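What you see is a predicted model, and the numbers here were worked out from it, not measured in a lab.
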Amino acid sequence: MNVLQFCENNLKNEGMEELVEKCRAGFKTAEISIEPCLGECGDCAEMYIAKVNDQLVTGDTTHDLFEETKNLLD
């Protein structure tokens, strides 16, 4: 099973909560969680981030992050 993790601190960025809901709706077979910290604080402060199966995924926008996430989960 694929694992998709988001950092709760990154959820404060505009559009991230909507992205999490979009992922929950679109990636039914993935285990999706919001973690207190992903240990990627430098990237978290600069851009949108997530981890897919422990691999860091970043995007300049929530759309970019969704597309990168989708590519890894497909």
Treat each ILVMFWY residue as a node, draw an edge where side-chain heavy atoms are under 4.5 Å apart, and state whether [X] and [Y] are in one component.
| X | Y | answer |
| --- | --- | --- |
| Leu56 | Leu73 | no |
| Leu38 | Val20 | no |
| Met16 | Val57 | yes |
| Leu19 | Leu72 | yes |

Just grab all the ring-ring contact (aromatic ring centres under 6.0 Å, His included) pairs involving residues 20-57, residues at least two apart or on different chains.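 Found Phe27-Phe66.
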
Could you tell me whether Asp74 atom CG has more than 12 heavy atoms of other residues or ligands within 6.0 Å of it?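 Counting other residues, nucleotides and ligands, CG of Asp74 exceeds 12 neighbours.
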
Keeping to residues at least two apart or across chains, list the side chain to side chain donor-acceptor pair (under 3.5 Å) pairs with something in residues 62-73.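 Of all non-adjacent pairs touching residues 62-73, those that pass side chain to side chain donor-acceptor pair (under 3.5 Å) are Thr61-Asp64.
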
Could you note down all residue pairs passing side chain to side chain donor-acceptor pair (under 3.5 Å) where residues 17-32 supplies at least one of them, sequence neighbours left out?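 Counting only pairs at least two positions apart or across chains, the side chain to side chain donor-acceptor pair (under 3.5 Å) contacts touching residues 17-32 are Glu21-Arg24.
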
For residues 32-46, pull every pair meeting salt bridge (charged side-chain N to carboxylate O under 4.0 Å, His left out), keeping only residues two or more places apart or in separate chains.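 Every salt bridge (charged side-chain N to carboxylate O under 4.0 Å, His left out) pair that includes a residue of residues 32-46, provided the two are not neighbours, is Glu40-Lys51.
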
Short side-chain to backbone donor-acceptor contact, Asn53 and Val3, under 3.5 Å: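 Confirmed, Asn53 side chain pairs with Val3 backbone.
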
ILVMFWY cluster membership beyond Met1 - transitive side-chain contacts under 4.5 angstrom: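 Members alongside Met1: none; it stands by itself.
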
Nearest non-hydrogen partners of Ala50 and Leu4, listed with the distance: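 Distance-wise, the nearest heavy atoms are CB-CD1, 4.0 Å.
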
Measure the CD1-SG distance between Ile32 and Cys23 for me, rounded to the nearest 0.5 Å.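 Going from CD1 on Ile32 over to SG on Cys23, the span is 5.5 Å.
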
Any chance you could measure Asn9, atom CG, to Cys44, atom SG, to the nearest 0.5 Å?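 Asn9 atom CG to Cys44 atom SG measures 5.5 Å (nearest 0.5 Å).
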
Sequence neighbours excluded, which residues qualify as side chain to side chain contact (heavy atoms under 4.5 Å, CB included) partners of Glu8?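 Scan of Glu8 (side chain to side chain contact (heavy atoms under 4.5 Å, CB included), adjacent residues dropped) gives Ile34, Pro36.
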
side-chain contact (heavy atoms from CB on, under 4.5 Å), that's the test. Do Val52 and Gln5 meet it? Break it down for me. CA-CA 7 Å; Val52 176; Gln5 299 172 302; over 6 Å; no

